[in-house]
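Everything below concerns the one structure shown next.
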Amino acid sequence: MATDTLKSRTGASGAPGGLRRLLLDNGALTALIVLVIALAALSGDFLTTDNLLNIGVQAAVTAILAFGVTFVIVSAGIDLSVGSVAALSATVLAWSATQHGVPVVLAVLLAIATGIACGLVNGFLIAYGKLPPFIATLAMLSVGRGLSLVISQGSPIPFPDSVSHLGDTLGGWLPVPVLVMVVMGLIAAFVLGRTYIGRSMYAIGGNEEAARLSGLRVPKQKLAIYALSGVFAAAAGVVLAARLSSAQPQAADGYELDAIAAVVIGGASLAGGTGKASGTLIGALILAVLRNGLNLLSVSAFWQQVVIGVVIALAVLLDTVRRKAGAGSQAAGSGGGNRGRQAATYGLAAVVTVAIVGATSFLHNGSAGSGNPKVGLSLSTLNNPFFVQIRAGAQAEAQRQGVDLTVTDAQNDASQQANQLQNFTSSRLGAIIVNPVDSDAASNSVKAADRAKIPVIAVDRGVNNARTDALVASDNVAGGELAARTIAEKLGGSGKIVILQGQAGTSAARERAAGFAAGLKAYPGIRVVAQQPADFDRTKGLDVMSNLLQAHPDVQGVIAANDEMALGAIKALGARAGRSVPVVGFDGTPDGLTAVKSGTLYASVAQQPTQLGKIAVDNALKAFQGKKIDETVKVPVKVVTKENVNGFTG
């Protein structure tokens with residue numbers, strides 16, 4: 001009788017009421033719909049077929065990772081290692097198939113086995129070692145990333161062609177990553193809703209002690225749950241590497257946070273016991289839609305992070321309101337008042353969301369309707385003064401020539417840069433300037449722009465296996481040789497030195513290291529007592545140099561692959577810097593030049609980054625106008641010392 005009554009009430013409500021309940025009961029779905037409507041209203045490029053497919057591709061890796069994380073979160077756990085496991089699995093596949101001749105099918109199985117092994121280790125440490133999931137998976141995050149760097153020696157490994165097709169399209173329009181995402185989502189939904197282990201996840205997440213007392217073998221189930229997370233991480237790593245045509249040892253860095261955010265936005269509780277695959281998919285789509293839309297609206301890279309954070313908080317807040325209102329409705333026996341409050345809350349959230357996105361769009365894209373040529377600039381990072389100077393030079397030249405310039409920050413993530421380049425292509429910009437995170441990984445995106453007849457200018461680093469209209473760059477290898485010669489001559493041809501390397505896996509780090517090695521060959525009296533990466537970061541430069549001084553207190557010179565690390569080394573050396581220990585940096589940044597003037601930094605190999613940005617925009621505009629440009633434009637490097645620093649402008 002109760003069932004019949006429920007059915008009659010449901011039927012009486014009609015289709016509009018059903019839609020209303022669907023939206024009110026699914027906060028993430030409502031947020032996604034509001035975002036799509038807002039972005040479609042603000043950008044005419046958003047609701048195109050190409051752009052919607054781009055969003056699917058950009059959501060694919062995060063969604064696949066998040067499906068695996070859903071299993072863990074439903075069971076009241078956490079997995080911080082999925083990004084590192086994805087990179088390690090892809091590296092194992094590429095390394096075994098291309099460098100050791102393992103058949104591709106077996107290499108794929110090895111990659112999946114790697115993911116399973118990492119998951120089993122996590123599960124064992126948690127279930128039997130009694131480590132908190134946060135600690136166990138945090139350890140695996142570090143181990144997985146370290147093994148990926150060890151296997152690859154810090155360099156990207158080309159992906160087998162037969163597997164790289166996972167990054168292509170079917171029929172020339174349907175992206176394979178989207179199909180893989182759908183298949184993995186269906187598998188996740190089946191596991192959660194139709195299998196014994198899926199029911200076990202909900203039971204453990206709801207009340208682990210009750211699950212154990214009811215006869216459930218909780219430790220064994222946790223092993224299986226974390227192993228499943230490892231399988232999905234491995235699949236995500238293979239899809240990501242296929243899309244980038246190479247296994248990047250630094251790939252998927254930080255993706256674990258996006259995966260967890262997608263699961264929580266999708267309605268799962270970090271306390272466990274709730275969550276579903278469809279909600280996770282919606283959460284991943286929300287993140288992809290936000291990033292895509294904000295790129296199309298030319299919102300500042302820094303403001304994008306603010307907007308994404310606010311909208312994530314809104315989505316989770318709405319879901320919390322929905323849950324509380326639902327509980328209150330059940331307790332009171334009537335949901336009319338709560339439904340009204342929910343509707344008002346969602347309406348307010350919709351207004352806030354549209355206001356946030358719209359305000360940032362109009363504040364930072366005031367010239368969108370000016371009719372000026374539009375150029376996109378994708379920088380590898382804006383967390384480095386060198387690239388900030390490239391941006392400054394590009395913006396100054398764009399303003400001078402009446403160009404609308406959109407600048408994005410890839411945050412040293414090759415996948416994120418691929419997304420940004422796809423968004424530029426979808427927007428049909430007049431030209432694209434790219435400073436590649438990795439020269440191999442940018443190739444597919446540059447090929448897509450070329451097919452769309454959009455000129456592409458590479459700046460500072462070239463793009464491998466793809467045609468660019470011009471390369472505007474300094475020679476990193478030649479600069480490295482200059483740095484080696486400068487330090488060797490300062491030391492009179494003999495002495496002990498330390499080399500601080502850049503971020504492992506980046507082309508700039510490899511090229512500058514090659515230049516250091518080549519330059520030092522001419523000075524056999526110079527002995528490199530240690531060389532360690534400090535990731536182009538000042539703080540890490542300080543820490544690494546402090547550690548090296550414990551083992552080599554008698555060091556007589558330092559070469560750093562950029563000025564930021566050199567400044568960190570100077571801090572570690574203290575009073576010795578510039579007196580008994582000369583330090584040579586790279587890039588000629590403002591802080592570096594100030595240190596040269598003060599004498600603490602002996603020299604900086606300056607690349608004139610402001611000029612790189614100016615010349616890149618000038619060439620992009622000429623290419624857009626159909627004018628002839630040189631395929632390679634070399635901006636000379638220059639050793640800046642205390643003697644000539646006052647005449648150097650950058």
Side-chain angles (χ1 to χ4, degrees), residues 61-90 92 109-148 184-185 187-192 195-209 211-212 216-238 252 255-260 262-264 268-277 280:
V61 172
T62 298
I64 295 170
L65 283 175
F67 290 140
V69 173
T70 303
F71 301 142
V72 176
I73 288 180
V74 165
S75 62
I78 199 76
D79 192 347
L80 299 178
S81 67
V82 289
S84 295
V85 172
L88 176 59
S89 299
V92 167
L109 292 177
L110 283 174
I112 299 299
T114 299
I116 294 173
C118 292
L120 287 174
V121 171
N122 283 335
F124 181 83
L125 292 174
I126 293 163
Y128 295 99
K130 303 302 179 183
L131 289 182
F134 182 92
I135 299 300
T137 58
L138 182 63
M140 181 56 69
L141 178 152
S142 181
V143 170
R145 187 69 63 186
L147 288 175
S148 179
M184 299 303 287
I187 293 173
F190 177 78
V191 169
L192 285 168
T195 65
Y196 173 75
I197 189 173
R199 292 190 293 273
S200 299
M201 294 174 192
Y202 289 107
I204 295 170
N207 190 319
E208 182 174 330
E209 182 62 17
R212 185 186 65 80
L216 195 64
R217 297 180 177 179
V218 174
K220 289 186 177 180
Q221 294 301 319
K222 286 188 175 181
L223 279 177
I225 291 167
Y226 281 91
L228 275 172
S229 179
V231 169
F232 276 74
V238 172
Y255 279 36
E256 56 279 348
L257 300 181
D258 275 1
I260 294 169
V263 177
V264 175
S269 170
L270 288 174
T274 60
K276 52 187 179 180
T280 295

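Predicted model, so just to flag it, every value in this text is computed and none were measured. Numbers for residues simply follow the sequence, beginning at 1.
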Of all heavy-atom pairs between Ala87 and Ser148, which one has the smallest distance, and what is that distance? O-OG, 3.8 Å

Side chain Ser229, main chain Ile225, donor-acceptor under 3.5 Å: no

Test item: Phe71 and Val263 side chains (from C-beta on) under 4.5 Å apart, heavy atoms: no

Let's go through Tyr202 and Leu192 carefully: what are the C-alpha distance in whole Å and the side-chain angles of both, what is the deciding distance for side-chain contact (heavy atoms from CB on, under 4.5 Å) to 0.1 Å, and is it a yes or a no? CA-CA 8 Å; Tyr202 289 107; Leu192 285 168; 4.0 Å; yes

Has Tyr255 got a side-chain atom pairing as donor or acceptor with Ser84's backbone, closer than 3.5 angstrom? no

Interatomic distance, Leu125 atom CG to Tyr226 atom OH [nearest 0.5 angstrom]: 10.5 Å

Min side-chain heavy-atom separation Thr195-Phe190 under 4.5 Å: yes

Side-chain donor/acceptor of Thr114 to backbone N/O of Leu110, under 3.5 Å: yes

Which heavy atom of Gly275 sits nearest to which heavy atom of Val74, and what is that distance? CA-CG2, 3.9 Å

Rounded at 0.5 Å granularity, tell me how far CD1 in Ile260 sits from CG in Asp79. 7.5 Å

Between CG on residue Leu147 and OG on residue Ser89, distance to nearest 0.5 Å: 11.0 Å

Below 4.5 Å, heavy atoms only, C-beta onward: do Met201 and Val191 meet side chain to side chain? yes

Nearest 0.5 Å, please: how far is CD1 in Ile78 from CG in Asn122? 12.0 Å

Testing the basics here: between Val85 and Gly115, what is the closest heavy-atom pair and its distance to 0.1 Å? CG1-CA, 3.8 Å

Smallest separation among heavy atoms of Ala127 and Lys222, with atom names: CB-CB, 4.1 Å

Could you check if a side-chain atom of Tyr128 sits within less than 4.5 angstrom of a side-chain atom of Leu223, using non-hydrogen atoms only? yes

Rounded to the nearest 0.5 Å, how far apart are CZ of Phe67 and CG of Leu228? 14.0 Å

Minimum heavy-atom separation for Gly237 to Ala90, with atom names? O-CB, 3.5 Å

Looking at every non-hydrogen atom in both residues, tell me the closest pair between Ala234 and Ala111 and how far apart they are. CB-O, 3.6 Å

Phe232 and Ile187: side-chain contact (heavy atoms from CB on, under 4.5 Å), yes or no, with the steps? CA-CA 10 Å; Phe232 276 74; Ile187 293 173; 4.1 Å; yes

Test item: Leu88 and Cys118 side chains (from C-beta on) under 4.5 Å apart, heavy atoms: yes

OG1-CG distance between Thr280 and Leu65, expressed to the nearest 0.5 angstrom: 11.5 Å

